[in-house]
Visitor: 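So that we are looking at the same thing, I have put the structure below in structure tokens.
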Amino acid sequence: MTYSLTTPLYYVNDRPHLGSTYTTIACDALARFQRLEGETVLFVTGVDEHGLKIQRTAADQGIAPREHCDRITARYLEAWRQWGISNDRFVRTTEPRHRPLVQAFFQRCEAAGDIRSGRQTGWYCVGCEEFKDEPAEAKEPCCPLHQKPLEWRDEENLFFCLSHFQERIEALINQPGFIAPASRRKEIQNFVAGGLRDFSISRVNVAWGLPVPGHEGHTFYVWFDALLGYLTALLNDGGDVDLDRLGAAGWPADVQVIGKDILRFHAVYWPAMLMSAGLPVPKRVFGHGFLTREGQKMGKSLGNVLDPEVLLERCGADAVRWYLLRDIQFGDDGDFQQQRFTDLVNNDLANTIGNLLNRTASMARKWFNDAVPPIDSSAAAGHALQADAEQTIERVRQAMPELRFQQACEAILSLAIQANGYLNEQAPWSRMKQPGNEASVASDLYAVLECCRLVGLLLQPLVPDLSQRILDQLGEAPAVSTWKERLIWGKLNAGSPLPQPQPVMARLELDAPL
RNA sequence: GGCUCGGUAGCUCAGCUGGUUAGAGCGUGGGAUUCAUAACCCCAAGGUCGGGAGUUCAAGUCUCCCCCGAGCCA
């Protein structure tokens, strides 16, 4: 089966920030999980490159829009490479194949009678690429978000007849599970209940956009064009740009992950566009929360922006991924606190998980010839830790497809805690001092190492690098069998050599603020 | 202004349809231990559950009002 998921197509106004990194990491974890589960995954990300705002940003720098996009997009590509993001597609809305797709899509909407022309007058914010509701007689109005002057517009635009879709959109968003998390549903329902208004999908005098076929001088409104990038991405499989191929190419997406700020576009406008064009709507739209830093909104004016490049450079991908996925309920807002970040990473990854592996491997090597204790496979079955391990596997399997990363992390962690507690209870180091305990110590150490192996495997989608180091440390050969086959109690090779223990996770010691 | 979501230990949060002494993790203090990355394990202190009123035998949990924060729409 194909499982497709998307991040937003990030606007190339600036290089990647922590927010887009967060979204992308979460999607990466989900994509990796689905792949391990045996799905054929299409993990889509990309960039949204059109619009007046880009045109102006480029002009300010004295370069062509294309040049500006190339520069910023290169930053995105480089960032995702450094973070080890496993996306299958990376789409640019300026790539040649996108244009015919947008035009074909538009023509379907037009043929369906969902496009009309109309006059649009009002105050416009270029930052938002949106008309604002300031009264016409306002003098020098400002955008509350961007703190920049609004511009007066009076132009003939093409409109998408969103009003035609009132009932269908209501039915869609009432479907449980379409909008996730459920807590965000009501807001959208209220918005829709207020009556859907047609929205303009073209601009005049914006050169940096895709031309609207049959309407001289109009280019597509950036949002219209950007949303369609998801489809272009899926059709970038070597085949033609043909909307009829989408079903085979992975559309509809299983989940589209976005920040809560753009939920409306994805849960209302976008499905209506798709309905008009006779295409299926995404199965789920997940609006996650925002990150603050030490309790404050991050922003240039406050000068407290946390740079993902710095974070990666100083702390590494594993630490950051773990903290974000483990500490923040995906969907809710979260606060990045440096103290908590280091505490959690050190406690969970270095102390609890890393040290468990380290201490157990040391004992096994010391008393069992530098190897996993050689017990026969039947002896592993029914060990006290087996039930805990199996329950953990189950919990991770349930949490991950629901994007409940926090629950998955907690489940894994609790297995490591159980195993640590078990070791202290059994105290194999003292029992080894009396003769005759070798067999039971062997069995216990095997069981704890087996827990480590399962912890390592389960961590694979969440913190892939650390996962690899754990499995390496257990002397696991490169995987020949599938994840599912390996996620079975007792698959650790008894008697196989254990390498010299090395800490798999260094403690974070940040001497200066990030 | 209307609406939505939050306000529970120092911090991040759990607390389902109301029911014994309000929970977890982190942080803090103490103990135990040496297999281990000053790690692991155990124990403890810490909360008038934003405020007020009401419903009830019984409310963090329901109702109303107010205060604070975030957001959506005007």
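Letters A, B, ... are given to chains in the order of the sequence lines, protein chains preceding strands, and every chain is numbered from 1. All values derive from a computational prediction rather than experimental measurement.
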Visitor: Write out a two-atom table: protein N or O, nucleotide N or O from nucleotides 8-13 of chain B, distance below 3.5 Å.
Guide:
residue : atom : partner : partner atom : Å
C11(B)  : O2'  : Q337(A) : OE1          : 3.1

Visitor: Ignoring the backbone of D343(A), work out which of U4(B), A70(B), G27(B) is nearest its side chain.
Guide: G27(B)
Visitor: When you check every protein heavy atom under 4.0 Å of nucleotides 34-41 of chain B, what one-letter string (B, S, -) results, 5' to 3'?
Guide: SBBB-SBS
Visitor: So which atom in L227(A) and which in W270(A) form the shortest heavy-atom distance, rounded to 0.1 Å?
Guide: O-CH2, 3.4 Å
Visitor: Decide whether a cation-pi geometry holds between K260(A) and F290(A); the criteria are a distance under 6.0 Å from NZ or CZ to the six-membered ring centre and an angle within 45° of the ring axis.
Guide: yes
Visitor: Classify the side-chain pair N157(A)/R119(A) by whether it contains a donor and acceptor separated by less than 3.5 Å.
Guide: no
Visitor: Starting at the 5' end of RNA chain B, which residue's closest nucleotide do you reach first, R197(A) or Q329(A)?
Guide: Q329(A)
Visitor: Let me have RNA chain B in dot-bracket notation, would you? Count Watson-Crick plus G-U wobble pairs, both distances under 3.5 Å, and use [ ] for pairs crossing earlier ones and | for inter-strand partners.
Guide: (((((((..((((.....[...)))).((((.........)))).....(((((..]....)))))))))))).
Visitor: Do the non-hydrogen side-chain atoms of S200(A) and L158(A) ever get within less than 4.5 Å of each other?
Guide: no
Visitor: Would you kindly give the CG-to-C1' distance between N190(A) and G1(B), to the nearest whole Å?
Guide: 15 Å
Visitor: Between D254(A) and R284(A), is there a salt bridge with N-O shorter than 4.0 Å?
Guide: no
Visitor: Could you give me the CA-CA distance, side-chain angles and deciding distance for Y22(A) and H17(A), then say whether side-chain hydrogen bond (donor to acceptor under 3.5 Å, both in side chains) is met?
Guide: CA-CA 9 Å; Y22(A) 176 50; H17(A) 54 264; over 6 Å; no
